[in-house]
Amino acid sequence: MPRIAIIEDDPTTSAQLAGWIRAARPELVVDQWFDRDAAEAALLRERYDLVVLDIELGRERNAGVALINEINKQGLGTPVLVVSAMPAAIYRSIMKALDAWDYLQKTTFDEAEFVETFLDILRTARLREPTPRAATRAGDDNLQLDPLKQRTPMWRGQRINLPLTAQRILATLHARAGEVVSYEELFDVVKSGRNRDNVRKHVATIRDAFRDVDPGFDGVENIPMRGFRWIGQ
């Protein structure tokens, strides 16, 4: 059974995150750890499918960094979602360098964003293949776009209803099928709200629209801390 670790020294925050996860995916087993020693022992004992952790634990300012290093030493590819009060503008790149999968700054996200990020990481980790996917050339899949008008996209003969900004993002991803398109590159097609959270929301809109006509759609791959990739299916 999939197992999740929450490593957070504040009981209220820990309970909130655990509650959100259990509400979204009741079948998951969620372990909660509140200090570095207990967390380290658990990481050695258990095989976790995803770890959610804070950087500061008690008086240890960088306890979370030490735990990420320990996870990396195991070589199991365990995904890590960092949830911290440290400013994202500074710490996101630091966590990326440590191979954390994503970073959320406390007080700046709500339940919906946390759950979306959490499920994206969990899904990506399970679908990740040991070898890179072969690049999908635009036109080799079942998506039809008008690159000039950017309207009325068709997926396997069915109309996809998308707002204009989401269509622009979709067209950008599709034009570079098989490649990672960074958040920064996607900012160029977003007219307002040029930040990662806004791009994630547009991608979520794209996925929802495709799943309205194709419940099994999983053609937009999240590349943690970097961006997205169109893989088609």
Side-chain angles (χ1 to χ4, degrees), residues 2-8 16-30 48-54 68 71 76-84 88 91-93 95-96 98-106 108-129 132-133 136 162 165-166 169-170 172-174 176-187 190 193 195-212 214-233:
R3 200 173 197 95
I4 309 301
I6 296 177
I7 305 172
E8 165 63 60
Q16 183 180 60
L17 297 178
W20 289 349
I21 291 172
R22 291 182 177 121
R25 295 288 298 275
E27 77 279 9
L28 299 178
V29 176
V30 181
Y48 287 108
D49 294 88
L50 194 155
V51 175
V52 179
L53 62 77
D54 193 0
I68 293 173
I71 290 169
L76 301 175
T78 304
V80 175
L81 169 59
V82 178
V83 178
S84 173
Y91 277 83
R92 186 185 298 275
S93 60
M95 294 303 107
K96 180 178 179 180
L98 291 171
D99 289 331
W101 285 46
D102 212 334
Y103 185 97
L104 294 176
Q105 183 179 339
K106 291 178 180 178
T108 66
F109 63 89
D110 56 14
E111 178 179 358
E113 183 179 353
F114 173 81
V115 170
E116 179 185 342
T117 303
F118 174 87
L119 294 180
D120 261 351
I121 292 175
L122 194 62
R123 186 181 302 112
T124 301
R126 289 183 177 176
L127 294 178
R128 176 160 288 187
E129 300 174 353
R133 294 178 183 270
T136 302
L162 286 173
T165 298
I169 290 175
L170 175 61
T172 301
L173 295 173
H174 184 253
R176 293 178 52 187
E179 301 177 23
V180 178
V181 183
S182 70
Y183 283 101
E184 290 72 20
E185 291 171 304
L186 291 173
F187 291 166
V190 177
N195 57 69
R196 292 180 179 228
D197 293 340
N198 196 36
V199 169
R200 288 194 191 101
K201 290 175 183 177
H202 286 303
V203 172
T205 297
I206 292 170
R207 287 172 171 154
D208 289 343
F210 273 82
R211 288 168 184 163
D212 283 343
D214 181 2
F217 175 81
D218 200 19
V220 179
E221 183 179 27
N222 174 44
I223 310 301
M225 303 290 284
R226 295 175 59 194
F228 297 90
R229 173 166 54 200
W230 174 264
I231 55 177
Q233 282 192 359

Is any side-chain N of the basic residue among Arg226 and Glu184 closer than 4.0 Å to the acidic one's carboxylate O? no

Interatomic distance, CD@Glu116 vs CG@Asn222, rounded to 0.5 Å, equals 9.0 Å

Taking every heavy atom of Ala166 against every heavy atom of Ile206, the minimum-distance pair comes out as O-CD1, 3.4 Å

Does Val29 offer a backbone N or O that forms a donor-acceptor pair with the side chain of Arg3 under 3.5 Å? no

For Phe109 and Glu113, the nearest pair of non-hydrogen atoms, with its separation, is CB-OE1, 3.3 Å

Sorted by chain and residue number, the ring pair (Phe, Tyr, Trp, His ring centres under 6.0 Å) partners of Tyr183 (sequence neighbours excluded) come out as Phe228

Between Asp49 and Pro2 the two heavy atoms that sit nearest each other are OD1-CA, 3.2 Å

The reported gap from CD1 in Ile223 to CG in Asp102 (rounded to nearest 0.5 angstrom) is 12.0 Å

Within the 4.5 Å heavy-atom criterion, are Arg25 and Leu119 side-chain neighbours or not? yes

Students often mix this up, so state it plainly: with edges at 30° and 60°, are the rings of Trp230 and Phe217 parallel, tilted or perpendicular? tilted

- Task: Under the side-chain contact (heavy atoms from CB on, under 4.5 Å) rule, what do Leu170 and His202 come out as? Steps first, then yes or no, please.
- Result: CA-CA 9 Å; Leu170 175 61; His202 286 303; over 6 Å; no

Next item on the list: May I ask you to say whether Arg207 pairs ionically with Asp214, meaning some side-chain N is under 4.0 Å from a carboxylate O?
Entry: no

Rounded to the nearest 0.5 Å, the CZ atom of Arg92 sits from the OG atom of Ser84 at a distance of 11.5 Å

Heavy atoms of Leu81 and Phe114 approach each other most closely as CD2-CE1, 3.8 Å

Residue pair Ile7 / Val52, side-chain heavy-atom distance below 4.5 Å | no

Hits for salt bridge (charged side-chain N to carboxylate O under 4.0 Å, His left out) against Asp197, two or more places apart or cross-chain, chain-then-number order -> Arg200

dist Ile6:CD1 -> Leu17:CG (nearest 0.5 Å) comes out at 5.5 Å

*Go through the steps for Val82 and Ile68 under the test side-chain contact (heavy atoms from CB on, under 4.5 Å), then give the verdict.*
CA-CA 9 Å; Val82 178; Ile68 293 173; 4.0 Å; yes

>> Val220 vs Leu173, test: side-chain contact (heavy atoms from CB on, under 4.5 Å). Steps then yes/no.
In response: CA-CA 8 Å; Val220 179; Leu173 295 173; 4.1 Å; yes

Value for CD1 (Ile121) from CH2 (Trp101), rounded to nearest 0.5 Å, stands at 7.5 Å

Does any part of the side chain of Ile4, heavy atoms only, come nearer than 4.5 Å to the side chain of Phe118, both counted from C-beta? yes

Output for pair (Asp54 CG, Lys106 NZ), nearest 0.5 Å, gives 3.5 Å

**Message:** Could you tell me if the side chain of Arg22 sits less than 4.5 Å from the side chain of Val30, heavy atoms only?
**Reply:** yes

Closest non-hydrogen contact found for Gln105 with Thr108 is O-OG1, 2.5 Å

Pairing of Glu185 and Arg176 as salt bridge, 4.0 angstrom limit
yes

